Every structure is written in C-alpha cells, then in structure tokens.
Protein chains: 2
Amino acid sequence: MARAALSRDAVVEIALGLVDDEGERGLTLSAVAGRAGVATPSLYKHVRNLAELRELVSIRIMNELADEAGAAVLGRSGDEAVRALMRSWRTYVVRHPRRYSAMLQVPHPGLAEAGSRLLGIVLAALRAYGLGDSGAIHAARCLRAAMHGFSVLEAEGAFGLPEKLDESYDLLIDMLTSGLGTD
Amino acid sequence: MARAALSRDAVVEIALGLVDDEGERGLTLSAVAGRAGVATPSLYKHVRNLAELRELVSIRIMNELADEAGAAVLGRSGDEAVRALMRSWRTYVVRHPRRYSAMLQVPHPGLAEAGSRLLGIVLAALRAYGLGDSGAIHAARCLRAAMHGFSVLEAEGAFGLPEKLDESYDLLIDMLTSGLGTD
DNA sequence: CTAGAAGGCTAATACCATTAGCCAACCGCG
DNA sequence: CGCGGTTGGCTAATGGTATTAGCCTTCTAG
C-alpha cells in the first residue's frame, strides 16, 4: 500500500464525528474530505460514493445500539429484561440523538442485517414470557415500534418540554410489560 | 395579479404528487418546475426556497393525517376511541407511505403547530379514562410514540413480511388499551 | 388608459457528487 | 539495491442542484 493515510474505517469515523457535530445534513463528502485534510475525489478510493458512506455510517450506529442493548439484556429475563432493553435503547438515543436520527435516513439494504441482530436481542428479552414463535414476533414488533417511536420523537424534539420525559417513558414501559404479562 | 398561473397551493400540490410518485428524495425544485411547465427560478415567486416548500408539504401531510384521525375519534370514547385513533393512523400510513415518510424529514418549526393539533386529538381519545392533566400528557406521548414507531417502521419496510402486520398492530392496540384501563 | 405589481423568463453563481486520468510513494521481489 | 506494480493521493472537467439578480410582459385596479 502507498502512503499510510486514510482507511475506509477512518472515513466512516470522520463521518460519524460530522454527524455528531452538525447533524445528518452535515454529512457531505466535501466536509469529510475537509476534516481528513484531503481533496474530495480522494475519498472515492475508500468509499464507493456518498450513498455507501451513509449506509456504512447507519450500520455502524445500529451496531453500536445493538451492542449496548445486548449488554443490557444479558443476564436478565422477563419484565426486568424488557425494562433494561427499553432503558438502554433510550439512553443511547439521549446520548447520541444525532446519530440516532442519522441512522433512520435512507433505509437501504445492508441495514437489514444489523436490524435482524437487534431483532434477536429483543426476542431474547422476551424469551421468559413463553410466547410462541409467532407471538414472540408480534410482541417484538410492538416493543421495537414503541421504543423506536419514542426515540424518534425525542431525538427530533417533537415532544414539548424535555423534562418529565422520563416519566412518560416509564409509563410506556409499564404499559408494555403489563400487556405482555397478562397476554 | 398577473397571469392566472401558479399559486402557492398549486406548487405544494405538485410537490405532493412528486412525493407520492418518487418518494421524498424526488422532491426537487427543478422537478416541480418541470411538472408545472415553468422554469425553476419562477417557483421563487411562490415559495421562499426548497426548505420552505418541504415544510409546507410536511404541514399539509400532518394536517391530512389529523383530519382523518379526528374524524375517526369523533363520537367514540374509551378503548373504542383509542382503537379507532390507532387504526385510522395506520390506515393513513398504509395508504400514503411516501407521504408519511416525507413528513418526517427535517423537523423544522412550523410543524410544531400541526403537531399540537394531533396531540389534541390524541388527548380527546383519552378523555374517558379520567386521567389527570399530567397523566393524560404522559399517556398521549406513549400512544403517539407507539403509533409513530410502528408507522415509521412499516412505511420504511423495516418489518420483514408485510403479512400479519395487522395482527402485530392489533396486539399493540391491546397492550396499550389494557395498560390504560388498569392504570 | 395608464401605472404598478405579479409572475414569468434568462443569465450567472456557488456548491455538491462524480468521473477520468495523472503522478508519487511505498511495497515486495529479485 | 533497484525496479515494477499497486495504492492513494491529486487536478481538471462534467452535470445537477439551489439560489440571486435583473429584465420584461401581462394583467388589473383606478
């Protein structure tokens, strides 16, 4: 290889920083090149095009989220597991709101794989309820929808005051766990 | 006024058609101008810039959704109202997936107003539960988050097979209404 | 009938992604 | 040690986009 220089991963890393600092709209090839101290076309040696970079960023973010959610669920079961899953999910969003928003953009393929990893974690959290195969899928979809919806709305500032959001989320957790228990 | 010509509303209408046909990424000023049979800069006589057009489109869509949800809730109360609200919401999304996706983009101000209209409708659906002011807000946030999350995931094709999504959504409705009742 | 505004146009600018083609540096090999 | 190929940078050029400036026509109000 020639000059030590950039790598594919380094480009993705810079892109992530850009998303954190300026939001997903700030993710532009020339901005990445600027931060890397390189001319724009040089990036094409590491990344096929902007769409691929966006996809790589999304996948990276979804995997981060899955890592944290997976760790939270580990060693717990039942309501405890669901609670931990939901809390860790929201914690990630609160900590990295712009990343979470960026992950949503452009539902290209490739995200599907990372998505199914997340699904597996949600299913693991549900294991103790003894739902059938099909029931578990339905329940997982509901959990994911609820967590995702709350996250999107919070990350985009669609809720009014940020205070008391914790209470709202606790209520959502209670509604869902009680719904699961009495199913 | 000069030549009969375009109006602000007509421009928004064309933009909506574009969103329906090509998705939110197809909403470009030159595409709108093309459909209107006009040169691109002429649009600036009706709309301040692309950002404003996007905002107008989003508001229009959110109001459409609010109209349908409001009509669904009208004359019902309690679990029936919540069920009707949730069903009408998803019905809109299934009917206009691209519009719903487009509404999410760019959470500019101005959407807040249309959003509070929606909030009012959700609160109306919850009236019969006799929740306190604060409790109703929390419950409304949960409902909205759940509906929104499911809608986003469905509109983006994030769930696997489209079949049996009805069952999943019914489960979500049951979980939430039972959570509200036993609160 | 006339003045002015409304709404169209062309031309020009700036920014972006993307492609093509060139050049230098580094690597491994003999 | 040197040499060739690959790797990773560059500049130049293209095309699409939004946006601004300034002109010109046409309708309408008075």
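So you know, we letter chains A, B, ... as the sequences are listed, proteins then strands, and number each from 1. No experiment lies behind these values; they were computed from the predicted model shown.
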Within this structure, what is the CG-to-P distance between B:L6 and D:dC27, rounded to whole angstrom? 15 Å

With sequence neighbours left out, the residues meeting salt bridge (charged side-chain N to carboxylate O under 4.0 Å, His left out) with A:E68 are A:R95

Other residues, nucleotides and ligands only: do more than 12 of their heavy atoms fall within 6.0 Å of CZ on B:R76? no

Interatomic distance, A:N49 CG vs C:dA20 P [rounded to whole Å]: 14 Å

Whole Å only: how far is the CG atom of A:L27 from the P atom of C:dC15? 19 Å

Are the side chain of A:Y169 and the backbone of A:M147 linked by a donor-acceptor contact shorter than 3.5 Å? no

Listed in order of residue number, which residues of residues 34-46 of chain A have a non-hydrogen atom at under 4.0 Å from DNA chain D? A:V38, A:A39, A:P41, A:S42, A:K45, A:H46

Pick from B:V47, B:V11, B:V38, B:V12: which one makes a side chain to side chain contact (heavy atoms under 4.5 Å, CB included) with B:V32? B:V11

Measuring to OP1 and OP2 of C:dC15, would you say a side-chain N or O of A:S30 lies under 4.0 angstrom away? no

Between A:M62 and A:G115, what is the shortest heavy-atom contact and its length? SD-N, 3.4 Å

What is the distance, to the nearest angstrom, from the CG atom on B:L29 to the P atom on D:dT19? 6 Å

Within 45° of the axis and under 6.0 Å from the centre of the six-membered ring of B:F159, does NZ or CZ of A:R141 qualify? yes

Do A:M86 and A:T177 come within less than 4.5 Å of each other through their side chains, counting heavy atoms only? no

Strand-adjacent residues in residues 10-21 of chain B, judged by heavy atoms under 4.0 Å from DNA chain D: none

Do you reckon A:V152 sits in the same ILVMFWY cluster as A:V122, going by side-chain contacts under 4.5 Å, direct or chained? yes

Closer than 3.5 angstrom, by distance alone: can the side chain of A:R98 be matched with the main-chain N or O of A:D21 as a donor-acceptor pair? yes

Whole angstrom value for the distance that separates C1' of C:dA17 from CD of A:E52: 14 Å

When rounded to whole Å, the CZ to P distance for the pair B:R8 and C:dG8 reads 14 Å

Please state how far atom CG in B:L50 lies from atom C1' in D:dG16, giving the value in whole angstrom units. 14 Å

